[in-house]
There are 2 protein chains.
Amino acid sequence: MAAAIAALLPARRRRPRSSPNADETRRRVVEAAGEVFAEHGFHAPTIRQITQRAGVNLAAVNYHFRDKDELYATVLHHAHRAAAACALTVNAARPPREQLRACVRGFLQHLLGPARPAWHGRLMAREMAQPTPALDSLVEESMRPRCETLAAILRALTGNRLPRAQHNRIGLSIVGQCLIYSQNRALIERLFPPAPAAANQVDALADHIAQFSLGGIAALLNQAKRRSQSPAITRRAPRRKLPAA
Amino acid sequence: MAAAIAALLPARRRRPRSSPNADETRRRVVEAAGEVFAEHGFHAPTIRQITQRAGVNLAAVNYHFRDKDELYATVLHHAHRAAAACALTVNAARPPREQLRACVRGFLQHLLGPARPAWHGRLMAREMAQPTPALDSLVEESMRPRCETLAAILRALTGNRLPRAQHNRIGLSIVGQCLIYSQNRALIERLFPPAPAAANQVDALADHIAQFSLGGIAALLNQAKRRSQSPAITRRAPRRKLPAA
DNA sequence: ATATAATTAAAACATTTGTTTTAATTATAC
DNA sequence: GTATAATTAAAACAAATGTTTTAATTATAT
């Protein structure tokens with residue numbers, strides 16, 4: 001009878017018990033879908049494109065996954081796990097400047113590869129730029145923890161002497177410097193034809209961003225110190241006004 | 001006879017001569033399409049959604065524009081012109097630090113509004129993140145000139161003492177800090193619930209980014225100077241290697 | 001005022017897309 | 001080896017979407 005009921009719900013997987021061969025087609029579908037979702041977003045790619053690229057039958061998506069939405073959710077979940085594995089590369093025993101460099105490098109590595117499934121980072125970057133309902137879980141499971149890591153490094157670097165809002169802005173300044181290379185790849189390739197984000201240049205990029213950001217943080221600390229020394233002026237000190245003529 | 005030929009090509013605009021009423025529907029379609037393209041990209045929005053939002057008939061898109069593609073191109077062209085008008089806010093007579101701040105503020109204003117048609121900047125940001133064939137004209141007409149402005153400011157700030165590749169990276173660091181607020185709005189709203197990019201905070205954001213970037217540039221200049229003083233070491237000086245145990 | 005063109009409105013079309021169904025094949029258990 | 005379930009393959013479907021067509025309406029020129 002259970003079989004009869006299952007026959008009435010044909011769009012669902014019949015049994016969690018899966019043959020090794022079935023696992024292989026699932027894997028191929030996820031891989032193909034990941035690549036194309038990362039490249040063109042959720043709407044543009046069609047199921048026919050995906051299944052053709054995976055070399056499986058059209059119905060495989062609706063058989064192994066409920067529908068296109070669940071396939072996308074599954075693909076994004078795979079990217080989650082890869083990201084989590086990547087976040088552990090920061091060694092809290094090193095000096096904060098080194099930690100920042102390692103954190104940036106890990107992020108860039110994840111975004112620009114060549115991590116083995118190269119689409120993981122790009123897919124997450126795209127999801128942030130063009131959110132679907134799946135964004136919430138992405139933020140909570142992957143982005144927030146990584147954000148906490150960065151925030152801790154920043155607190156160590158500033159001695160916690162800056163207000164929270166400023167810490168947040170600094171974090172976004174650092175992340176923004178990384179994301180632009182992933183999210184605006186097409187733009188950069190057109191502006192600077194020999195793409196400066198080639199895979200083997202990830203380390204050079206990380207060095208640049210870390211150095212640039214350390215300088216930025218130092219400037220903000222200096223500014224805060226100057227302000228606290230002349231507390232009457234909350235904005236920047238006005239330059240001497242030259243009398244007209 | 002010309003009329004007969006026109007009747008055979010019904011998908012084209014019959015005549016460039018347009019009544020004032022027709023101009024109004026064109027305007028409403030462009031406005032509605034701009035908002036929804038900026039929000040959801042090119043593929044997701046349907047012509048029915050757009051025409052309904054504009055309060056015009058479904059066929060208006062294919063009558064006044066050839067098809068969805070040309071409508072998108074037209075919308076993007078409107079955004080171009082608004083961007084060009086916005087790029088003139090930098091006064092070359094001011095000191096470079098001021099120019100940088102003005103440049104950043106103009107860019108942010110364009111991205112985060114509230115410029116009157118608020119979708120202009122967002123649409124361009126989206127086009128860069130998810131390029132269509134229309135990206136090329138966007139880059140050449142809008143981005144490259146703006147980029148040149150920024151590059152000139154940077155050369156003034158560094159005294160042209162850094163290699164070209166490093167100048168490019170600095171420019172991308174600055175632009176990346178701005179773009180993240182537009183391209184990852186959804187992410188930021190989830191991470192920092194009271195959005196720090198509220199419209200009236202554009203000035204504060206521009207101050208932060210300018211200050212941060214000036215500090216970053218100073219750090220890179222320092223680094224270059226240190227390296228040129230000890231030219232044998234091209235990478236950063238290796239720390240003393242501790243012998244094992 | 002009337003004729004002609006331009007524009008709008010409504011319905012119809014053709015295609016694409018996600019999904020289901022039905023049949024064929026393969027693996028698994030007894 | 002046979003029966004049963006799981007998986008794959010192929011075809012069929014239904015809904016949605018971009019586009020056309022045809023008719024109605026409005027503006028413009030003579």
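The figures that follow rest on heavy atoms only: side chains count, while hydrogens, waters and symmetry mates do not. Naming: A, B, ... by sequence-line order, numbering from 1 per chain.
- In the set C/dT19, D/dA10, C/dA9, the nucleotide with an atom closest to the side chain of B/Asn57 is C/dA9.
- In this structure, CZ of B/Arg66 is placed 13 Å from C1' of D/dT19, rounded to the nearest angstrom.
- Out of C/dT19, D/dT8, C/dT7, the shortest distance to the side chain of B/His64 is found at C/dT7.
- Counting to the nearest Å, the C1' atom of D/dA27 and the CG atom of B/Asp23 are 14 Å from each other.
- Across the strands present, C/dA12 finds its partner in D/dT19; the criterion is a Watson-Crick or G-U wobble pair with both atom distances under 3.5 angstrom.
- Within 4.0 Å of B/Ala59, counting heavy atoms only, lies at least one base atom of the nucleic acid.
- A/Gln201 and A/Tyr181 share no donor-acceptor pair across their side chains, judged by distance under 3.5 Å alone.
- Checking A/Arg48 against B/Arg48, the closest nucleotide of DNA chain D that is more toward the 5' end is the one next to A/Arg48.
- Across every strand in view, C/dT4 sits in a pair with D/dA27 that passes the Watson-Crick or G-U test at under 3.5 angstrom.
- Using a cut-off of 4.0 Å between Lys/Arg side-chain N and Asp/Glu carboxylate O, A/Arg53 and A/Glu35 are scored as salt-bridged.
- Donor-acceptor pairing under 3.5 Å is lacking for the side chains of A/Ser137 and A/His77.
- Between A/Thr25 and D/dT8 there is a side-chain polar atom (N or O) within less than 4.0 angstrom of OP1 or OP2.
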Are B/Trp119 and B/Glu39 close enough, and set up right, to give a side chain to side chain donor-acceptor pair (under 3.5 Å), and what steps lead you there?
CA-CA 8 Å; B/Trp119 50 268; B/Glu39 199 64 26; over 6 Å; no
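- The backbone N or O of B/Glu70 sits less than 3.5 Å from a side-chain atom of B/Asp67, completing a donor-acceptor pair.
- Rounding to whole angstrom units, CG of residue B/Leu58 and C1' of D/dT17 are separated by 10 Å.
- Protein atom CD1 of B/Ile47 is 16 Å distant from nucleotide atom C1' of C/dT8, rounded to whole Å.
- Residue A/Asn62 places at least one side-chain N or O under 4.0 Å from the OP1 or OP2 atom of C/dT19.
- Nearest nucleotide to the A/Tyr63 side chain, out of D/dT17, D/dT8, D/dT19: D/dT8.
- D/dG18 atom P lies 11 Å from atom CG of B/Asp67, rounded to whole Å.
- Taking atom CG of residue A/Leu71 and atom C1' of nucleotide C/dG18, one finds them 12 Å apart after rounding to whole Å.
- Atom C1' of nucleotide D/dG18 and atom NE2 of A/His43 are separated by 16 Å, given to the nearest angstrom.
- Rounded to a whole Å, the OH atom of A/Tyr72 is 18 Å from the C1' atom of C/dG18.
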